[in-house]
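Predicted model, so just to flag it, every value in this text is computed and none were measured. Below, read A as the first sequence line, B as the second, and so on, with proteins coming before strands; counting in each chain starts at 1.
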Amino acid sequence: MTSTPPESQDLFAIAELAREFGISTRAIRFYESKGLLSPERVGATRIFRKRDRARLILILRGKRLGFTLRDISDYLSLYDADRAQQVNLLADKVDERLALLERQRDDLETTIRELREIKQLAQERLQKAG
DNA sequence: ATTCTAACA
DNA sequence: TGTTAGTA
């Protein structure tokens, strides 16, 4: 058997990850500058491992769901510490996000009704006039 | 060719 | 975050 090689092929260059996830290398460096990623270094060059790749996936998913990098950072930080607290934080953030989206949806519906009303009144005026 | 930092948009 | 400049 091949006893666990210290470090196998779970190495990635910044350009590889950028290509794989359709983001810029600049974005990846930006996430690192915000503390969301902490790749190893060989000199000044970043070496990403599976762990970093997994975190990047979580970062992108979080962004897609509308969370801020701060939210995502707070969440990721708890992975190594309180797994339980991490779940609680996630639940709170999801509720918060859901509440905001529902509020925005209500506002949007109100605005849509208002615009339809205006359109309706405008059409009625045209008919009376014409 | 590839990455890095820094600075400006 | 995008882009650009000057490197290692």
To the nearest angstrom, how far is Glu32(A) atom CD from dA6(B) atom P?
12 Å
In this structure, how many angstroms lie between the P atom of dT3(B) and the CZ atom of Phe12(A), rounded?
14 Å
Do Arg26(A) side-chain and dT3(C) base share a donor-acceptor contact under 3.5 Å?
yes
Are Asp92(A) and Arg97(A) close enough for a salt bridge, meaning some N to O gap below 4.0 Å?
no
To the nearest Å, how far apart are Leu36(A) CG and dT1(C) C1'?
14 Å
Check the surroundings of atom CZ in Arg70(A): do more than 12 heavy atoms from other residues, nucleotides or ligands lie under 6.0 Å from it?
no
Is any side-chain N or O of Arg29(A) closer than 4.0 Å to OP1 or OP2 of dC4(B)?
yes
Please determine, for dA8(C), whether a Watson-Crick or G-U wobble partner exists with both distances under 3.5 Å, and give it or none.
dT2(B)
Whole-Å distance separating the CD1 atom of Ile14(A) from the C1' atom of dC4(B)
9 Å
Is the distance from OP1 or OP2 of dT5(B) to the nearest side-chain N or O of Arg41(A) less than 4.0 Å?
yes
Separation of dT3(B) atom P from Leu17(A) atom CG, nearest Å, is 10 Å
dG2(C) phosphate, OP1 or OP2, under 4.0 Å from Ser24(A) side-chain N/O:
yes
In whole Å, I'd like the distance from the CZ atom of Phe48(A) to the C1' atom of dT2(B).
13 Å
State whether Glu40(A) and Arg49(A) are salt-bridged, where the test is any N-O pair (Lys NZ or Arg NE/NH1/NH2 against Asp/Glu carboxylate O) under 4.0 Å.
yes
In whole angstroms, how far is the P atom of dT3(B) from the CG atom of Leu11(A)?
14 Å
Go through the side-chain N and O atoms of Arg41(A) and Thr45(A) and say whether any donor and acceptor fall under 3.5 Å apart.
no
In whole angstroms, how far is the C1' atom of dT1(C) from the CG atom of Leu37(A)?
15 Å
